[in-house]
Amino acid sequence: MHFPICALQCLEVRLEERYNPKTVEDRWQQQWAANKTFKVTEDASRPKYYCLEMFPYPSGRIHMGHVRNYSIGDVVSRYKRMRGFNVLHPMGWDSFGLPAENAAIKHGIHPSQWTLENIAFMRDKQLKSMGLSYDWDREVTTCLEEYYRWNQWLFLKMYEKGIAYKKRSYVNWCPSCSTVLANEQVEEGLCWRCSSVVTFRELEQWFFKITAYAQELLDHCDKLPGWPERVLTMQRNWIGKSTGVEVDFTLDGSGEKLTIFTTRPDTLYGVTFMSIAPEHPMVETLIKGKQQADAVRAFCQRIMGEDKAVRTDENQEKEGIFTGAFAVNPLNNEKVPVWAGNFVLMDYGTGAIMSVPAHDQRDFEFAKKYQLPIRVVIQNADQDLDAATMRQAYVGEGAMVNSRPFDGTPNVPGKEKVAEYVEQKGYGKRTVNWRLRDWGISRQRYWGTPIPIIYCERCGTVPVPELDLPVILPTNVEFTGKGRSPLAESASFRDTTCPKCGGSARRETDTMDTFVDSSWYFLRYCSPKHTEAPFDKKAAGYWMSVDQYIGGIEHAVLHLLYARFFTKVIRDLGLFDGDEPFQNLLTQGMVIKDGAKMSKSKGNVVDPDFIISKYGADTARLFSLFAAPPERDLEWNDQGVDGAYRFLHRVWTVVYKYHGKIRTVQPAGREATGDPLYRKTHLTIKKVTEDIEREFHFNTAIAALMELVNELYDFTAQGVPDDKLPVLRTAIEALILLIAPFAPHVAEELWESLGNTTGVAGTDWPSFDAGALVSTEVTVVVQVNGKVRGKLTLPAGLTDKEIEAAALAEGKVREHLAGKTPKKVIVVQGKLVNVVV
RNA sequence: GCGAGAGUGGCGGAACUGGCAGACGCGCCAGACUUAGGAUCUGGUGGGCAACCAUGGGGGUUCAAGUCCCCCCUCUCGCACCA
């Protein structure tokens, strides 16, 4: 075994006069790796702390956003470790995904090779040079068989429980990525990855029944006080619960039922027509034998061919066509025409709506356009509504009218009454609808987890038996970038035998959405080498849940919702006891330069490698933590980086000057109470500790350390007499320990120079002595009528009366009083006096 | 439109429960040491000669308001035909 730089050398260590980040950082990074300083195991005797940063996609290089993300996580981890926690801080790779496949098509390199080379580079040349306190033995790589086999295993379990299922439906299709996208992956009608216009395709696809957990996902939002309200709001909106009533209308003639969903049962008497989605299966029934059949068919075809951006555009003109059919409103037996409308969505509610133009703006516009009748059924108390003259729908409250048995009922309780009536009469039932749709996970791409399903002509859909897992992603495939995915073209993969009957069969050639990988990786970290199950239940029981999760806000409804869903599914499979994966969530802001997000096209990218080689990791970390609080955007500033670098030099220089002298001196204790530097030291310990504990305000914590260093420069400016050396040692020791989470390499080197043989990483966080904080003097601000007129330095512990007297005697105060008697004097102990004239 | 967050020096940002607005850093100015300084150290630095004026704007509460209340403006983010 390679013997590290330890023992003999340590005792003789002499500090270099000048701070040289390269040598210091290389040395400590080697030492941490050789000693496995950050390796952890379950230890019931100590409180655990699980700190996790969202693992990266191995694109090839880390960017400043990563530097910031991991710096934040590393401060938390190192701080908690010094506070005595058993800290799990792992790192891994979200390594399936399209870019690897695109590289294969473009450069002829296999996705596997491309990905693994990127990982090696990012891990060994980039992340390790940042000095992050990871337990690298727990590294998880999702594109490896040892990981993705458990995706398949979980899929099979979900299939057994009906959570994974296949259905034919209209799905989002990205023509550029040649694959299907989940709803969460379409932003304003565009592909989240490549911004291509998303179209619709009717395909058979695998889904995860996330809607079965909609209520719980919504309810548990209230059990996540450690999450930003913003993210919870986004999730609640995304889930989008709405309560209402389904009502069966009867088709005139055939007597078939057309069911609608409404949240406004109080307006049921105002229905003047109905609208159904162009995709609705009843369209054909409605138009059968009607003269407008062809026109309706053409209309539906045209709308269905529109892409997602056009169809969901709010400004899209409302358009429709009369189907020729009529339906009967069960409440008043009125016959109303049935239209097909471009704004009615097939996958929400029942795909058919009742239209009440008087009280719904969309219906109103539609009715005006096609000259359909409007009937007021909620009367505005302030201003009588008249259907003939209304210029927009009335959506406010009021009394029900034209609603026979309910006339005069206020509409809000009316909703409930009508709903009850509908149920009683058997016209329909109360239901809940969700905006959330089931998660479509099939992807027509190669670089992902194969879905473990076989299609047999005789037996139908057959899951791959557990014993046959993993279904290995074959490597001998062709990347043409054209036609179907390489898997679908690979005969040796596709053609197989049925596990049930042994007859010829074919494999599912779609792969899973890569968000499946990241939906449970935090559980895998608990026991990354486990071979019997996705993870060891006991290990997960010890480490979970994640105490602090850190990552970008862009995953607010993607990854973070999927991960919550998976955790609940895994719980219900009996694999884990817990409802939620992440206790506390920190969403860090973006790193921007010149007011814009760093991007190649803007040419404002700062390369972390360059910063680290020029200034060192400690400076890169320190700046990214100092320039802004973590949750805000951070404006990158090259001169600010110089400032951070200069600060570390100042720290180094002051320690260098005195490390020889204070090496053998005992730190000061209580007897030093009253010494200003001693007091400042303890104030700084208090401030830094509180700033870290309170919402991770690292920027102010670092500012406090800078103040302490400034004070040290004042203190040492005229030389330090021997009797002051203990106080100096206390200050320097505290400074080094407090700076350690932020700039760990410098801290270790300086700590060692004081003669310490245990590394900073294994040393306790300093605690402050409340007694050291008290001062014998207080500065009191004196105001006259709320304006500052002077300051008094008074002995601590005076009574209000004494302070008042001192204030009134003050020269400036007397001037402003000009002989008048004050009306009132307010004394705030230890802070100020306000004399009111 | 709905929801959330934010507006403080030349810039990034401080100010936790109302109590000295501008901590800390950058930049800038001056000085010291220097052959030199884009190194380092020291001092200064919101505006105005001053009284005073200053936390997006306007009201209010209070002895006291960046902080609390009301109205308005601007910006950022999310959602947006969800019946």
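Every chain is numbered from 1 and lettered A, B, ... according to where its sequence line falls, protein lines coming before strand lines.
- A donor and an acceptor atom, one from each side chain of Arg650(A) and Asn710(A), are located under 3.5 Å apart.
- For the pair Leu258(A)/His280(A), a side-chain contact is recorded, criterion being any heavy-atom separation below 4.5 Å from C-beta on.
- The separation of C16(B) from A21(B), taken at their P atoms, amounts to 14 Å, rounded to a whole angstrom.
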Between the protein and nucleotides 52-54 of chain B, which nitrogen or oxygen pairs come in under 3.5 angstrom?
from   : atom 1 : to        : atom 2 : distance (Å)
C52(B) : OP1    : Arg789(A) : NH2    : 3.4

What's touching nucleotides 14-22 of chain B from the protein side, N or O pairs under 3.5 Å?
from   : atom 1 : to        : atom 2 : distance (Å)
A14(B) : OP1    : Asn699(A) : ND2    : 3.1
A14(B) : OP2    : Arg632(A) : NH2    : 3.1
C20(B) : O2     : Lys791(A) : NZ     : 2.7
C20(B) : N3     : Lys791(A) : NZ     : 3.3

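- Rounded to whole Å, the P atom of A4(B) lies 14 Å from the corresponding atom of C70(B).
- Looking only at atom types and distance, the side chain of Asn785(A) has no donor-acceptor partner in the side chain of Lys823(A) under 3.5 Å away.
- Salt-bridge check for Asp633(A) with Arg68(A): failed, with every basic side-chain N at 4.0 Å or more from each acidic carboxylate O.
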Return a table of donor-acceptor pairs under 3.5 angstrom between the side chains of residues 342-352 of chain A and protein atoms on other chains or two or more places apart.
from      : atom 1 : to        : atom 2 : distance (Å)
Asn342(A) : OD1    : Glu319(A) : N      : 2.9
Asn342(A) : ND2    : Glu317(A) : O      : 3.0
Asp347(A) : OD1    : Arg437(A) : NH1    : 2.8
Asp347(A) : OD2    : Arg437(A) : NH1    : 2.7
Tyr348(A) : OH     : Ser242(A) : OG     : 2.7
Thr350(A) : OG1    : Thr259(A) : O      : 2.7
Thr350(A) : OG1    : Ala352(A) : N      : 3.4
Thr350(A) : OG1    : Ala352(A) : O      : 3.2

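- In this structure, Cys221(A) and Arg564(A) have side chains that are in contact, with non-hydrogen atoms separated by less than 4.5 Å.
- The side chain to side chain donor-acceptor pair (under 3.5 Å) check on Arg230(A) picks up nothing, with sequence neighbours excluded.
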Can you give the dot-bracket line for RNA chain B, where a pair is Watson-Crick or G-U wobble with both atom distances under 3.5 Å, crossing pairs use [ ], and | marks a partner on another strand?
-> (((((((..(((......[....)))((((((.......))))))((....))..(((((..]....))))))))))))....

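- Nucleotide G9(B) is shown with a syn base, its glycosidic torsion being within 90° of 0.
- In this entry the distance linking CD of Gln392(A) with P of G1(B) reads 13 Å, nearest Å.
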Nucleotide by nucleotide, nucleotides 75-82 of chain B touches protein heavy atoms under 4.0 Å in the pattern (B base, S sugar-phosphate only, - none) --SSSBBB

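- Remark: Arg18(A) fails to qualify as a cation-pi partner of Trp652(A) under the 6.0 Å distance and 45° angle criteria applied to the six-membered ring.
- Under the 30°/60° scheme for interplanar angles, the aromatic rings of Tyr645(A) and Tyr19(A) are found to be tilted.
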Pairs under 3.5 Å (N/O, protein and nucleotides 40-46 of chain B):
from   : atom 1 : to        : atom 2 : distance (Å)
C41(B) : OP1    : Arg650(A) : NH1    : 3.0

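- Rounded to whole Å, the separation between the P atoms of U55(B) and U42(B) comes to 34 Å.
- Under the side chain to side chain contact (heavy atoms under 4.5 Å, CB included) criterion, Asn69(A) pairs with Glu53(A), Ile550(A), Gln588(A), sequence neighbours left out.
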Between Phe273(A) and Phe366(A), does a ring pair (Phe, Tyr, Trp, His ring centres under 6.0 Å) hold up when you go through it step by step?
-> CA-CA 10 Å; Phe273(A) 63 102; Phe366(A) 199 89; 5.5 Å; yes

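- Looking at residues two or more places apart in sequence or on another chain, you find no side chain to side chain donor-acceptor pair (under 3.5 Å) involving Thr793(A).
- In this structure, CG of Leu232(A) is placed 12 Å from C1' of A4(B), rounded to the nearest angstrom.
- His359(A) pairs by the ring-ring contact (aromatic ring centres under 6.0 Å, His included) definition with nothing, not counting sequence neighbours.
- With sequence neighbours excluded, the residues that form a side chain to side chain contact (heavy atoms under 4.5 Å, CB included) with Glu695(A) are His697(A).
- Separating the C1' atom of G43(B) from that of C53(B) is a span of 27 Å, rounded to the nearest Å.
- At least one side-chain heavy atom of Glu334(A) sits under 4.5 Å from a side-chain heavy atom of Arg375(A).
- Among residues two or more places apart in sequence or in another chain, the ring-ring contact (aromatic ring centres under 6.0 Å, His included) test is passed with Phe200(A) by none.
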